[in-house]
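Notes to accompany the following structure.
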Amino acid sequence: MKDISYKAFSLRAHRNNLKLERPNLCQFELTYRCNLHCNYCYTDCYNTATHIKNELGTKEIKAVIDTLYEAGILWLCLSGGEPLLRRDFFEIYAYAHKKGFLISVFTNGYSIGKEAIRCFKEMPPFVVEIPLSAVSESVYARVTGVKDSFEKVIAAITRSIKEGIPLKIKTLVTQDNLQELPKIKEFAKKIKAAHYFSAIVQPRLNGDTFPCGLRVPVDEALYLYDTCMPENACARNPAQERTASLFTCTVESADGITVD
């Protein structure tokens, strides 16, 4: 079998699916449940017993995964909420892994324990992505709403790197943690972890626009992209397109609710 770089493989797969009019990837939000309550989160409004009770069961999720497989999906992201809080997560993960998906797991890191490390070592994911809002404990606690969260997440990141788990650190930049970004990037560099950030803050799924008030000013957000991540797509677009890609338009519905 001839070796091929991931970049070439990915480009070929995307082109083939484009010709066949098939999707390339899917982000599957398995649950609203989360043990953190990040103030910028768009799903935490549904992190309630009522909504969690109505979530899909194991068989239903496997049926969806089968459908995604038949549709030609190759990249599958398992997200939430916090997906690792599902009791059947590892069963779901193993099922998708055996199907041959390139799996990304979006986890807050707070829930990564021995079982998760063991699972990811035995059945390696394409990547595990963990959000890191700050490297100052007080700022991190303010953003996540959980006082003891910082130490557990840092420990999970450190152990994942040590165990060879493919890991990326990501940061959603808001007014609360803007000053933390250089320190987060330095931390990621120190532990040799990939890091990227975004300034795109979305309204909550129930229409609550509170998180939008946490957005950094547009000019400042664009400056961050240009100086800290010049390879980002936003930085390659004309100013108007770059601004549009950061923040979706704000419209007012018939009932007077403002939605982004």
Side-chain angles (χ1 to χ4, degrees), residues 6 9-10 25-38 41 43-44 47 52 55-66 68-69 73-135 137 140-141 144 146-171 184 187-196:
Y6 172 75
F9 163 78
S10 177
L25 55 89
C26 171
Q27 181 169 323
F28 195 168
E29 297 179 344
L30 300 176
T31 181
Y32 293 123
R33 186 192 306 268
C34 189
N35 39 16
L36 300 183
H37 299 282
C38 298
C41 182
T43 67
D44 196 54
N47 185 9
I52 293 169
E55 291 174 351
L56 297 179
T58 310
K59 290 183 179 180
E60 293 171 309
I61 288 177
K62 287 182 178 179
V64 173
I65 290 175
D66 290 339
L68 296 174
Y69 179 82
I73 293 290
L74 183 56
W75 288 269
L76 175 61
C77 173
L78 300 180
S79 180
E82 173 47 54
L84 269 65
L85 289 182
R86 285 191 63 117
R87 294 180 180 179
D88 57 357
F89 172 79
F90 298 108
E91 180 180 350
I92 292 169
Y93 178 88
Y95 187 80
H97 195 275
K98 290 178 182 178
K99 287 278 187 180
F101 290 101
L102 294 174
I103 303 176
S104 299
V105 179
F106 288 3
T107 170
N108 59 30
Y110 192 78
S111 304
I112 292 181
K114 293 180 180 179
E115 186 176 7
I117 294 293
R118 182 169 60 251
C119 172
F120 295 150
K121 290 187 69 173
E122 293 177 356
M123 296 176 287
F126 178 66
V127 69
V128 173
E129 295 195 13
I130 298 179
L132 186 61
S133 299
V135 289
E137 186 170 1
Y140 192 87
T144 62
V146 179
K147 291 183 178 180
D148 67 342
S149 55
F150 179 74
E151 289 186 3
K152 290 189 68 174
V153 171
I154 292 297
I157 290 173
T158 304
R159 183 175 182 188
S160 296
I161 292 291
K162 181 179 179 180
E163 295 290 347
I165 307 299
L167 179 72
K168 281 186 179 180
I169 295 174
K170 56 186 178 182
T171 303
I184 296 172
F187 170 76
K189 182 179 180 180
K190 182 178 179 180
I191 65 172
K192 298 180 179 179
H195 174 259
Y196 72 94

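Side-chain atoms of Glu122 do not come within 3.5 Å of backbone N or O of Cys119 as any donor-acceptor pair. A donor-acceptor pair is defined here as one N or O able to donate and one able to accept, closer than 3.5 Å; no such pair exists between the side chain of Ser10 and the backbone of Tyr6.
Lys168 has its side chain out of reach of Val128: every pair of non-hydrogen atoms, C-beta onward, lies at least 4.5 Å apart. By the 4.5 Å heavy-atom criterion applied to side chains, Glu29 and Phe106 are not counted as neighbours. By the 4.5 Å heavy-atom criterion applied to side chains, Ser111 and Asn35 are counted as neighbours. Between Phe126 and Val105, every side-chain heavy-atom pair lies at or beyond the 4.5 Å cut-off. Contact check for Cys26 versus Cys77: no side-chain heavy atoms found under the 4.5 Å cut-off. Put simply, the side chain of Leu84 reaches to within 4.5 Å of the side chain of Ile112, judged on heavy atoms. Taking 4.5 Å as the limit, some side-chain heavy atom of Phe9 sits within range of a side-chain heavy atom of Leu102.
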Using residues 94-101 as the side-chain source, report each donor-acceptor pair under 3.5 Å to any protein atom, sequence neighbours left out, with the distance given to one decimal.
{"from": "Tyr95", "atom 1": "OH", "to": "Asp66", "atom 2": "OD1", "distance (Å)": "2.6"}
{"from": "Tyr95", "atom 1": "OH", "to": "Asp66", "atom 2": "OD2", "distance (Å)": "3.1"}
{"from": "His97", "atom 1": "NE2", "to": "Pro124", "atom 2": "O", "distance (Å)": "3.1"}
{"from": "Lys99", "atom 1": "NZ", "to": "Asp66", "atom 2": "OD1", "distance (Å)": "3.0"}

Donor-acceptor pairs are to be reported for all side-chain atoms of residues 154-165 against protein atoms at under 3.5 Å, with residues two or more places apart or in another chain.
{"from": "Thr158", "atom 1": "OG1", "to": "Ile154", "atom 2": "O", "distance (Å)": "2.8"}
{"from": "Ser160", "atom 1": "OG", "to": "Ala156", "atom 2": "O", "distance (Å)": "2.8"}
{"from": "Glu163", "atom 1": "OE1", "to": "Lys121", "atom 2": "NZ", "distance (Å)": "2.8"}

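Shown here are the ring-ring contact (aromatic ring centres under 6.0 Å, His included) partners of Phe28, two or more places apart in sequence or in another chain: there are none. Checked against salt bridge (Lys or Arg N to Asp or Glu O under 4.0 Å), Glu137 has no partners two or more places apart in sequence or in another chain. The side chain to side chain contact (heavy atoms under 4.5 Å, CB included) test applied to Glu115 returns Phe90, Arg118, not counting sequence neighbours. Residues forming a ring-ring contact (aromatic ring centres under 6.0 Å, His included) with Phe187 (at least two apart in sequence, or on another chain): none. In this structure Glu55 satisfies the side chain to side chain donor-acceptor pair (under 3.5 Å) test together with Thr31, sequence neighbours excluded. By the side chain to side chain donor-acceptor pair (under 3.5 Å) test, Ser104 pairs with no residue at all, sequence neighbours left out. The side chain to side chain donor-acceptor pair (under 3.5 Å) test applied to Asp44 returns His37, Asn47, not counting sequence neighbours. With sequence neighbours excluded, the residues that form a side chain to side chain donor-acceptor pair (under 3.5 Å) with Asp148 are Tyr110. Not counting sequence neighbours, the partners of Lys170 by the salt bridge (Lys or Arg N to Asp or Glu O under 4.0 Å) test are Glu129.
Side chain to side chain, Thr107 and Glu82 meet the donor-acceptor criterion of an N or O pair below 3.5 Å.
Once rounded to the nearest 0.5 Å, the distance linking CG of Leu76 with CD1 of Ile103 reads 6.0 Å. Distance SG/Cys34 to CD1/Ile52: 9.5 Å, rounded to 0.5 Å. Put simply, CG on Leu85 and CG on Asn108 are 7.0 Å apart, with the number rounded to the nearest 0.5 Å. Annotation: the span from Ile61 atom CD1 to Glu91 atom CD amounts to 10.0 Å, rounded to 0.5 Å. For the atom pair Ile169 CD1 and Ile130 CD1, the distance stands at 7.5 Å (nearest 0.5 Å). Rounding to the nearest 0.5 Å places CG of Leu78 at 5.5 Å from CZ of Phe89.
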| message | Before you tell me yes or no, could you show the steps for Thr144 and Phe150 under side-chain contact (heavy atoms from CB on, under 4.5 Å), namely the whole-Å CA-CA distance, both residues' side-chain angles and the distance that decides it to 0.1 Å? | response | CA-CA 9 Å; Thr144 62; Phe150 179 74; over 6 Å; no
| request: Kindly determine whether Ile92 and Ile65 satisfy side-chain contact (heavy atoms from CB on, under 4.5 Å), including the steps that lead there. | output: CA-CA 9 Å; Ile92 292 169; Ile65 290 175; 3.9 Å; yes
| field | Phe120 and Leu167: CA distance, side-chain angles, deciding distance, side-chain contact (heavy atoms from CB on, under 4.5 Å) verdict | value | CA-CA 11 Å; Phe120 295 150; Leu167 179 72; over 6 Å; no
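Scanning both residues, Arg86 and Gly57, for their nearest heavy atoms gives NH2-C, 3.9 Å. Of all heavy-atom pairs spanning Ser79 and Pro83, the tightest one is O-CB, 3.5 Å.
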